[in-house]
**Student:** 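A single structure is presented below for examination.
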Amino acid sequence: MIIRLQREDFDPERAVQAIDVKGSGARVSFVGIVRDTAAGAPITALEIEHYPEMTQAELARIATHAQDQHHLHEVVIIHRYGYIERGERIMMVAVWSAHRAEAFMGCQAIVDALKTRAPFWKKEISPQGSAWVAGAMPHDLG
Amino acid sequence: MIIRLQREDFDPERAVQAIDVKGSGARVSFVGIVRDTAAGAPITALEIEHYPEMTQAELARIATHAQDQHHLHEVVIIHRYGYIERGERIMMVAVWSAHRAEAFMGCQAIVDALKTRAPFWKKEISPQGSAWVAGAMPHDLG
Amino acid sequence: MITVRFFAAVREVMERDGARYEAPGATVTANDVLAAIAGARLADLPRPLLVAINREHAHLTSPVKDGDEIAFFPPVSGG
Amino acid sequence: MITVRFFAAVREVMERDGARYEAPGATVTANDVLAAIAGARLADLPRPLLVAINREHAHLTSPVKDGDEIAFFPPVSGG
């Protein structure tokens with residue numbers, strides 16, 4: 001399992017190509033990108049705050065859970081924080097498994113869990129000012 | 001839409017990084033890899049045959065259908081044919097959309113359609129000889 | 001003239017990658033063309049069998065006409 | 001001593017990123033700690049509010065003890 005938290009941009013392929021996963025027939029990856037609009041209004045950038053000491057641990061818990069549930073051979077999570085401009089990458093999740101169905105389910109499960117459990121908060125910056133993005137409640141804490 | 005059929009290996013990131021998709025918040029990609037075993041027995045390589053004149057057209061039909069159904073902004077499909085060694089990439093599908101759910105569904109729909117509609121046939125080569133991989137019937141032609 | 005093509009295990013059983021078939025005046029189906037060309041090998045062909053007419057998936061019962069390209073092959077295994 | 005941390009909109013309303021809180025002898029919940037520290041600002045805090053105790057998700061009603069780190073923040077928006 002590889003978990004990286006960083007301010008800088010990353011190369012999605014370089015992050016995964018050195019990983020030699022024996023017996024995997026499928027790799028599914030998700031890359032999140034800063035959209036140019038939110039609710040129809042233009043966005044300049046995102047400012048992402050996080051809780052560094054908790055983030056690393058929470059991402060590891062999310063990855064371990066998905067690995068067990070979906071028989072994943074390997075998981076890579078990279079998530080940026082700080083100022084990220086429109087069109088730039090925010091994060092990526094890549095997973096490997098024997099078959100495609102597990103890889104798709106496992107990758108989506110991790111991305112979904114990130115949205116509700118990983119302690120990141122996004123602020124959208126636009127010419128009109130800035131506003132926090134509404135977050136989502138974890139199922140078990142509603 | 002970009003569709004490439006080739007004998008040579010490819011760099012998944014290079015294939016997609018030049019693609020500037022405005023307004024996309026999500027990119028999901030799938031890479032299929034030659035596994036080292038099939039039904040528990042070791043595999044040396046795959047030999048993939050295809051129907052060149054039909055393959056290009058069928059992949060375009062699959063991509064167009066998924067693009068309409070899942071609101072995809074862009075689709076890239078790369079599929080190799082010929083001799084592909086264990087551990088090497090066979091193919092990739094990458095899709096872009098505004099939101100993650102559409103991107104996951106669209107990518108998986110294309111990969112599923114490839115398995116039943118795209119005219120490729122795989123032969124598994126092992127120390128014991130070679131054997132065709134059993135294919136799958138398209139839903140509408142069963 | 002109808003162009004007939006064979007792929008994968010069908011090609012192997014037929015021991016050739018295609019054939020040409022002179023369409024009779026009457027309406028024929030893909031299956032009729034295959035039966036005429038395969039002869040005794042028909043029973044040896046892998047089943048199920050898929051057919052494409054003019055590079056689109058079709059049915060064995062689909063009609064074919066002069067100038068068409070018909071391909072016969074086993075279920076595919078792309079991806 | 002309990003370490004209290006605030007993030008995102010909670011930090012902005014509290015106008016600081018944390019505090020320290022001397023746990024009384026009795027059992028206290030995360031919510032008790034927040035109420036004691038926030039005072040009049042309690043009503044201004046965004047809702048719903050999440051809490052983590054020792055860097056794991058918890059509930060506002062979860063008990064806290066001396067030495068714990070409690071963090072208060074809005075629902076997250078990772079990914």
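Naming: A, B, ... by sequence-line order, numbering from 1 per chain.
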**Student:** Do any pairs count as a salt bridge (charged side-chain N to carboxylate O under 4.0 Å, His left out) and have a residue in residues 70-79 of chain C, sequence neighbours left out, and if so which ones?
**Tutor:** none

**Student:** Below 3.5 Å only, please: all the donor-acceptor pairs between chain B and chain C, one per line.
**Tutor:**
unit_1: E49(B); atom_1: OE1; unit_2: A8(C); atom_2: N; d: 3.4
unit_1: E49(B); atom_1: OE1; unit_2: R11(C); atom_2: NH2; d: 2.4
unit_1: E49(B); atom_1: OE2; unit_2: A8(C); atom_2: N; d: 2.8
unit_1: E49(B); atom_1: OE2; unit_2: R11(C); atom_2: NE; d: 3.1
unit_1: E49(B); atom_1: OE2; unit_2: R11(C); atom_2: NH2; d: 3.4
unit_1: Y51(B); atom_1: OH; unit_2: E69(C); atom_2: OE2; d: 2.4
unit_1: E53(B); atom_1: OE1; unit_2: R5(C); atom_2: NH1; d: 3.0
unit_1: E53(B); atom_1: OE1; unit_2: R5(C); atom_2: NH2; d: 3.4
unit_1: E53(B); atom_1: OE2; unit_2: R5(C); atom_2: NH1; d: 3.3
unit_1: R61(B); atom_1: NH2; unit_2: R55(C); atom_2: O; d: 2.7
unit_1: H79(B); atom_1: NE2; unit_2: G79(C); atom_2: N; d: 3.0
unit_1: R117(B); atom_1: O; unit_2: H57(C); atom_2: NE2; d: 2.6
unit_1: F120(B); atom_1: O; unit_2: S77(C); atom_2: N; d: 2.8
unit_1: W121(B); atom_1: NE1; unit_2: P74(C); atom_2: O; d: 2.9
unit_1: K122(B); atom_1: N; unit_2: S77(C); atom_2: OG; d: 3.0
unit_1: K122(B); atom_1: NZ; unit_2: S77(C); atom_2: O; d: 2.9
unit_1: K122(B); atom_1: NZ; unit_2: G79(C); atom_2: O; d: 2.6
unit_1: K123(B); atom_1: NZ; unit_2: E12(C); atom_2: OE2; d: 2.4
unit_1: W132(B); atom_1: NE1; unit_2: E12(C); atom_2: OE1; d: 2.8
unit_1: A136(B); atom_1: N; unit_2: V76(C); atom_2: O; d: 3.1
unit_1: D140(B); atom_1: O; unit_2: H59(C); atom_2: NE2; d: 3.4

**Student:** Using heavy-atom distances under 4.5 Å, tell me whether M54(B) contacts chain C through its side chain, its backbone, both, or neither.
**Tutor:** both

**Student:** Please give me the minimum heavy-atom distance between V76(C) and L114(B), naming the atom from each residue.
**Tutor:** CG2-O, 4.2 Å

**Student:** Is chain B contacted by the side chain of P74(C), its backbone, both, or neither, given a heavy-atom distance below 4.5 Å?
**Tutor:** both

